[in-house]
Amino acid sequence: MAQLSHWLDQRRRTGGLRELRPVVRLGNGRIRLADLPDSLPLLDFSSNDYLALSAHPALMESGQRALAELGAGSGAARLMSGDLLIHHQLEEAVTSLKGKEAALLFGSGFMANAGVIPALVGRGDTIYIDRLDHASIYDGCQLSGAKLHRFRHNDLAHLEELLQKNPADGQSLVVVESIYSMDGDRCPLPELVRLRKRYGFLLLVDEAHGTGLFGPNGGGVVEADGVGDEVDLVMGTFGKALGSYGAYLAGSQEMIDYLLNRARSFIYSTALPPAVVASSLAAVELVRQSSELRDDLWQRVTFFKKCLCDGGLKVDLGPTQIIPITVGASDRALQMAKGLQKRGVFATAVRPPTVPENSARLRFSVTRHLGVEQLAEGAQALLAVVKDFAPELLV
Ligand SMILES: *Cc1c(COP(=O)(O)O)cnc(C)c1O
């Protein structure tokens, strides 16, 4: 097809073509690019496996046991014969973790967002999303057919302006992330729930990057901010800090009863396999049992940021485990990512359209796979490429 090759050529020419790079995991946060077998091992600063749970013995053993006892697949959708007891056990664990009445599992975070939004609103309704909300939220909005307004990132005054300008006849829905995946900053949830009281919208909070890391029980930012009762629905994934795969929505019993009848990505999709569910269950139990893992992560995050500050980087490194170094142009971010690879560090260059024009960045995430030495090494490599390509970011 001429159109296809034209599109691909153009992407290749402008440096915007996405390509897969298989990696081999070597342990201790090191990976090797499988297509360059002789290359240096790289420190992986691009993983969302923040607590290193994907390699935790409790998750692996729990998964192995379920695989041996229950088989590889669940065989059908939940509403057919794929509904296993272990799905309910995980939903109960999530319900406690989130302090909600009920929870519903989804195949992935993408499926949860793409399913829940069209279940809640449709033509005649209005959705307000943060401009930096994840693609799955945006796609859910498109699928719903509701009118969509995007407010400036974390700018609740702008949201309020839009709410006032658009007195919705139908239902209104606001969707935010608790921690933004590419900026690593935090949504001002206490202010947002004050707006919810005034304007009476439904509130959906995506905790993909907050679950397991924030709050006294690892329940997420919603728990940390004490706003659980004022958030109608909390979404989260098992694929990030919880080290497994799959996702959930938590809310009132009525809301969950409704979603299981209306969310098409739940109804028309095979139930998560038992081994994956068992690993997720072990992960939820681990983060609820003690704060040891998150305390350890936050110490590493603080250490990494201190290395960067001490090295003269004068960039706001933000409040979380996700650290964006914004450099502007896409090709600059790409060159810096290549420079980092030469120095043994793998960090992703995030470019438009994932982030707004002229805000291409290197995205560093700190995980418990990286020890003090590796973190110091990563910081030195970053400081060196900043010196080469973006010296204005140094004091
Ligand atoms: C990763 C992510 C998702 C998708 O979750 P998956 O389980 O990976 O499909 C949804 N929302 C946000 C904010 C994310 O970062």
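Positions are given from 1 along the sequence. Whatever order the structure lists them in is the order used to number ligands and atoms, beginning at 1. This one's a predicted model, so the numbers in the text were calculated from it and none came from an experiment.
Counting the atoms of ligand 1 from 1 in the order shown, those under 4.0 Å from a heavy atom of His209 are 14 (C), 15 (O). Shown in contact with Asp206 at under 4.0 Å from a heavy atom are these atoms of ligand 1, numbered in order with element: 10 (C), 11 (N), 12 (C), 13 (C). Residue Asn113 approaches ligand 1 through these ligand atoms, each under 4.0 Å from one of its heavy atoms: 10 (C), 11 (N). Interface of Ala208 with ligand 1, defined as ligand atoms under 4.0 Å from a residue heavy atom, comprises 2 (C), 11 (N), 12 (C), 13 (C), 14 (C), 15 (O). Interface atoms of ligand 1 facing Ser181, defined by a heavy-atom separation under 4.0 Å, are 15 (O). Atoms of ligand 1 lying under 4.0 Å from any heavy atom of Phe110, numbered from 1 in the order shown and given with element: 4 (C), 5 (O), 6 (P), 9 (O).
Contacts with ligand 1 closer than 4.0 Å are made by no heavy atom of Asp133, backbone or side chain. The residue Met111 has no part lying near ligand 1, judged by heavy-atom distances below 4.0 Å.
Lys98 and Glu223 are not joined by a salt bridge, as no carboxylate oxygen comes within less than 4.0 angstrom of a charged side-chain nitrogen. Under the 4.0 Å criterion applied to side-chain N and carboxylate O atoms, Asp9 and Arg13 are not assigned as salt-bridge partners. One finds no salt bridge joining Asp130 and Arg152 here, because no Lys/Arg side-chain nitrogen approaches an Asp/Glu carboxylate oxygen to under 4.0 Å. Look at Asp225 and Arg186 and you find a salt bridge, because one of the NZ, NE, NH1 or NH2 atoms lies within 4.0 Å of a carboxylate O, short of that distance.
Between His149 and Tyr128, the ring planes lie parallel to each other; the angle is under 30°, not in the 30° to 60° tilted range.
Between Ala247 and ligand 1, no N or O atom pair is found at a separation short of 3.5 Å. Below 3.5 Å of separation, one finds an N or O of Thr237 facing an N or O of ligand 1. Not a single N or O atom of Glu177, backbone or side chain, sits closer than 3.5 Å to an N or O atom of ligand 1. Where the criterion is an N or O separation shorter than 3.5 Å, residue side chain and backbone included, Gly109 meets it with respect to ligand 1.
Heavy-atom neighbours of Gln142 CD from other residues, nucleotides or ligands within 6.0 Å: above the threshold of 12.
Under the 6.0 Å cut-off for aromatic ring centres, Phe214 and Trp298 qualify, their centroids lying closer than that. Annotation: Tyr245 is not in aromatic contact with Phe238 [ring centroid separation under 6.0 Å not met].
Around atom 3 (C) of ligand 1, the closest heavy atom drawn from Met182, His134, Glu207 belongs to His134.
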